[in-house]
Amino acid sequence: TTAQIGVTGLAVMGRNLARNFARNGYAVALHNRTAARTHDLVAEFGEEGVFVPTETAKEFVAALERPRRLVVMVKAGDPTDAVIQEFAPLLEPGDMIIDGGNAHFADTRRRERELREQGIHFVGAGVSGGEEGALRGPSIMPGGSEESYAALGPMLEKISAKAEDGAPCVTHVGPDGAGHFVKMVHNGIEYADMQLIAEAYHLLRDVAGYSPAQIADIFRTWNTGRLDSYLIEITAEVLSHVDAATGKPFVDVVQDRAEQKGTGRWTVQIALDLGVPVSGIAEAVFARAVSGHAELREASRELAGPSARPLDDAAAAAFADQVEQALYASKIVSYTQGFQQIAAGSEEYGWDIDLGAVASIWRGGCIIRAAFLDRIRAAYDTRPDLPGLLSDGDFAREIGEAQDDWRAVLVQATRQGVPAPGFSAALAYYDALRSARLPAALTQGQRDFFGAHTYRRVDREGSFHTLWGGDRSEVEA
Ligand code: 6PG
């Protein structure tokens with residue numbers, strides 16, 4: 001049999017993606033560094049569709065119909081380059097290598113350029129949705145040439161998740177690294193969403209005094225409204241889970257040190273380079289870092305804090321409603337920032353990314369899937385040149401309605417000594433955007449004072465410098 005697509009790298013993501021293709025009627029060639037995995041897959045799931053197991057790179061390539069579609073599902077970084085080096089010499093012009101890992105978009109740009117010289121299409125494709133998504137339908141963010149998308153897109157559309165309106169959660173994001181860039185920002189937003197949810201939980205627990213099980217119920221209620229999302233849903237599951245060994249809430253027996261594989265950190269690093277203020281995502285990355293500094297935290301346990309002021313039942317319930325507002329408003333801000341970063345990346349690299357289409361393919365399959373994304377899609381579809389989500393009338397109105405409660409939550413958090421870096425960074429961003437004048441004018445004055453860095457005036461064109469060390473007259477720079 002000739003296979004229509006091949007998957008090399010059969011760890012859990014690769015295996016499930018291969019099964020997804022097979023379940024959708026495609027003949028799938030299989031390859032893995034150690035052949036045992038390949039045979040295990042066929043033994044276990046062979047009846048799901050047509051699999052063509054192969055043991056060598058040569059056999060694998062020979063099993064594929066042309067142009068060849070070769071999906072690489074190995075660890076991002078050096079292993080990806082090693083696989084490319086192994087297979088590229090065996091391929092012919094027009095063939096496609098699809099990297100479905102969490103690669104850095106700069107690596108994807110380099111690989112695409114190198115392979116293009118050989119006439120091979122390199123498709124850096126972000127794939128989100130974890131193990132279940134890979135098997136039952138992920139959200140897919142492919143970059144690369146138009147030509148490769150023409151040959152690959154229909155298959156990806158078939159295996160991808162479908163949004164509620166039936167639209168496949170995949171689109172040709174843009175050339176070279178565009179797909180992996182968008183996947184990177186997806187993960188940054190994922191970090192921010194998770195952090196905001198964690199802060200809501202922390203406040204409901206330590207300010208309102210609710211138990212994990214009660215908070216799970218609160219999240220379940222929220223999940224029936226505008227916060228309806230996969231992450232809120234699984235949060236309720238995690239919070240209501242009880243540890244079998246101790247009978248305690250599961251969340252109380254897990255060490256409170258968050259780990260990361262790095263995509264959130266990349267998002268912030270790139271945002272710094274692009275000059276995009278993704279403060280919500282940055283606080284989420286830093287919050288994980290703070291949690292990991294066990295020794296410093298241990299050494300700081302005796303630092304003074306406010307005395308607790310327990311809320312009565314009515315006040316706790318009212319506070320929970322306010323936390324919902326704060327969470328929603330902060331979420332609008334982190335998506336505003338994330339989409340701004342995609343717009344900036346698109347501009348910098350000439351990708352011409354359709355922001356509405358990105359929101360559309362995040363509606364299903366991926367970790368940040370949410371009802372909310374349909375509204376973002378609508379906002380960009382109505383106005384593709386929207387300067388930012390907060391300029392959309394509906395989002396502006398909602399955040400305006402939420403802002404009093406949002407502030408009240410932060411007052412409580414501050415008063416009771418519960419950190420809420422995500423909520424407060426988001427509010428600071430909102431207030432900065434709203435401000436008619438920012439103290440940046442003073443910053444400019446300071447820069448001019450110590451470094452003659454010059455400033456612009458509100459009333460005249462040109463750059464100016466004040467002779468601070470002399471008579472303080474102004475000169476045109
Ligand atoms: C996804 C996830 C996936 C992975 C995260 C975890 O979109 O399916 O984002 O890519 O689970 O990268 O990231 P951390 O280990 O950095 O939290």
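Start at 1 and go down the list; that is how both ligands and their atoms are numbered. Since we're looking at a predicted model, the values are computed, not measured. If you read the sequence from its start, that first residue is 1, and numbering goes on from there.
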Handout entry: Inter-residue atom distance Asp352.CG - Glu347.CD, 0.5 Å rounding
Key =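 One finds 10.0 Å between CG of Asp352 and CD of Glu347.
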Problem - Distance in Å, Met155 CE paired with Asn20 CG, rounded so as to fall on 0.5 Å steps - result: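 Going from CE on Met155 over to CG on Asn20, the span is 10.5 Å.
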Problem - side chain to side chain contact (heavy atoms under 4.5 Å, CB included) partners for Gln412, two or more places apart - result: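 Val207, Leu311, Phe319, Gln416.
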Problem - Which residues share a ring-ring contact (aromatic ring centres under 6.0 Å, His included) with Tyr191, sequence neighbours left out - result: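 Tyr191: no ring-ring contact (aromatic ring centres under 6.0 Å, His included) contacts found.
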Handout entry: Under the ring-ring contact (aromatic ring centres under 6.0 Å, His included) test, residues paired with His241 that sit two or more places apart
Key =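 By the ring-ring contact (aromatic ring centres under 6.0 Å, His included) rule, His241 matches Phe250.
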Handout entry: Residues in contact with ligand 1, criterion: heavy atom under 4.0 Å
Key =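 Residues Asn102, Ser128, Gly129, Gly130, Lys183, His186, Asn187, Glu190, Tyr191, Gln260, Lys261, Gly262, Thr263, Arg288, Ile367 each place a heavy atom under 4.0 Å from ligand 1, listed by chain and number.
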Exercise for the section: Check whether NZ of the Lys or CZ of the Arg Arg116 lies under 6.0 Å from the centre of the six-membered ring of Phe122 and within 45 degrees of that ring's axis. Expected result: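 Here Arg116 fails the 6.0 Å and 45° test against Phe122.
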